[in-house]
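Some notes on the structure that comes next.
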Amino acid sequence: MASIASARYGKDNVRVYKVERDEKTGVQTVTEMTVCVLLEGAIETSYTKADNSVVVATDSMKNTVYIKAKEHPVTPPELFGSILGTHFIETYSHLTAAHIKIVTHRWTRMTIDGTPHPHSFYRDGAETRNVEVVARKGKGLGIRSGIAGLLVLKSTGSQFHGFVRDEYTTLPEVWDRILSTEVDANWSWKTFPNVAAVTAAVPKFDKAFDDARDITMKTFAEEDSPSVQNTMYKMCEYIMEAVPEVENVDYSLPNKHYFEIDLSWHKGLKNTGKDAEVYAPQSGPNGLINVTVARSQTAAKL
Ligand SMILES: O=c1[nH]c(=O)c2[nH]c(=O)[nH]c2[nH]1
């Protein structure tokens, strides 16, 4: 006999754009998002018995995203995700949880002749602001905010030595290397009881995003990094200090390697060690270093 162990379904890649027009100043502000909605609840019979009476069509979920975007602010995404998730569990009695993911894409205002342009924007990078909201009946709103796709590189100020050396090791120790990664950083908030509590916290979400982004870049730039592991741990610690409402912080950092090229075969060219100038960027394999840092129980009690 087989039975459903877990099931959720919904609409992914719902692309939404919203413009806000300030009639007095003529300044327009735009937001572009990609939304994913996944619902859970008493939906087993739709899989096991072809019972569509428990199915809210994914097409209706897409429509709901558009309508809620019209009725409510879409920023900060933490609030919009909470509104959307709460709508689904409050509207359909057989649904118990809504998982909302919102990826907000960058549209940065143009500066023309030194002046911010009222309605023209450009994409200044693949970086996105991400939010995942889980609205669970009777359990409040879990919110995880993050940054993804922020590509960074430093040409010095990074080392890697003292690691395990055995019969599998070929990597030389280095006291000066290139460090590059694509930042995926997230911070999880203490559970919010309802949308009103999320609304009350609204100013904290943008500040946390700005703090996390600044901390990531400042730590990356300023630290003489002994390893990706240690540098990302420091980033987590600084974010927890800056945002007291955050319960844990996680990073996932690919180590984007740049290999030295020995060019001595060509007229004795020196291009290794301190003479290295031309490198070969690698697309793979790459290191992948993950961590989640939580507040320690003992520290919390003090
Ligand atoms: O910062 C690093 N951490 C590692 O675990 C590792 N492993 C490796 O080959 N290079 C690096 N760099």
Side-chain angles (χ1 to χ4, degrees), residues 103 125-130 132 144-188 208-243 246-266 269-297 299:
V103 174
E127 179 194 344
T128 56
R129 174 170 172 178
N130 297 352
E132 288 170 39
R144 183 168 174 254
S145 308
I147 303 171
L150 171 63
L151 193 55
V152 291
L153 177 145
K154 66 195 292 188
S155 51
T156 186
S158 166
Q159 320 181 11
F160 189 58
H161 46 84
F163 49 88
V164 173
R165 292 213 82 79
D166 61 14
E167 67 271 34
Y168 296 100
T169 314
T170 53
L171 186 73
E173 296 185 295
V174 280
W175 280 258
D176 185 6
R177 67 172 179 174
I178 294 165
L179 185 59
S180 176
T181 189
E182 189 175 310
V183 176
D184 180 351
N186 302 280
W187 46 101
S188 299
F209 179 82
D210 293 341
D211 284 349
R213 192 168 184 271
D214 290 349
I215 285 167
T216 300
M217 295 222 242
K218 187 174 163 68
T219 312
F220 181 83
E222 291 184 351
E223 206 213 8
D224 192 0
S225 170
S227 64
V228 174
Q229 284 90 331
N230 185 247
T231 299
M232 74 204 298
Y233 180 74
K234 287 192 173 159
M235 291 171 179
C236 292
E237 276 190 319
Y238 298 149
I239 292 174
M240 306 248 278
E241 268 169 45
V243 195
V246 155
E247 280 193 328
N248 60 62
V249 179
D250 64 88
Y251 273 80
S252 178
L253 299 180
N255 193 356
K256 297 183 153 290
H257 307 297
Y258 286 71
F259 285 176
E260 284 190 4
I261 313 168
D262 184 348
L263 298 176
S264 59
W265 52 271
H266 182 81
L269 271 181
K270 289 187 175 149
N271 191 54
T272 57
K274 64 175 177 31
D275 299 310
E277 289 175 304
V278 176
Y279 293 79
Q282 303 295 298
S283 41
N286 59 271
L288 180 61
I289 322 283
N290 296 343
V291 76
T292 302
V293 177
R295 291 186 193 281
S296 69
Q297 295 303 316

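Counting convention: from 1, in listed order, for ligands and their atoms alike.
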> Which one of N286, V183, N290 satisfies the side-chain contact (heavy atoms from CB on, under 4.5 Å) criterion with P254?
Replying inline: N286
> Per the side-chain contact (heavy atoms from CB on, under 4.5 Å) rule, which among I147, V228, I239, N186 passes with Y251?
Replying inline: I239
> With a 3.5 Å cut-off and no angle check, do the side chains of T272 and D262 form a donor-acceptor pair?
Replying inline: no
> If every non-hydrogen atom of L150 is compared with every non-hydrogen atom of E127, which pair is closest and at what distance?
Replying inline: CD1-OE1, 3.5 Å
Which protein N or O atoms sit under 3.5 Å from any N or O of ligand 1? Give each pair with its distance.
from     : atom 1 : to   : atom 2 : distance (Å)
ligand 1 : 1 (O)  : R177 : NH2    : 2.9
ligand 1 : 1 (O)  : V228 : N      : 2.8
ligand 1 : 3 (N)  : Q229 : OE1    : 2.9
ligand 1 : 5 (O)  : Q229 : NE2    : 2.9
ligand 1 : 12 (N) : R177 : NH1    : 3.1
ligand 1 : 12 (N) : R177 : NH2    : 3.4
ligand 1 : 12 (N) : N255 : ND2    : 3.3

> Does D250 have any salt bridge (charged side-chain N to carboxylate O under 4.0 Å, His left out) partners at least two apart in sequence or in another chain, and if so, which?
Replying inline: R144
> What's the shortest heavy-atom distance between G157 and D176, and which atoms?
Replying inline: N-OD1, 3.9 Å
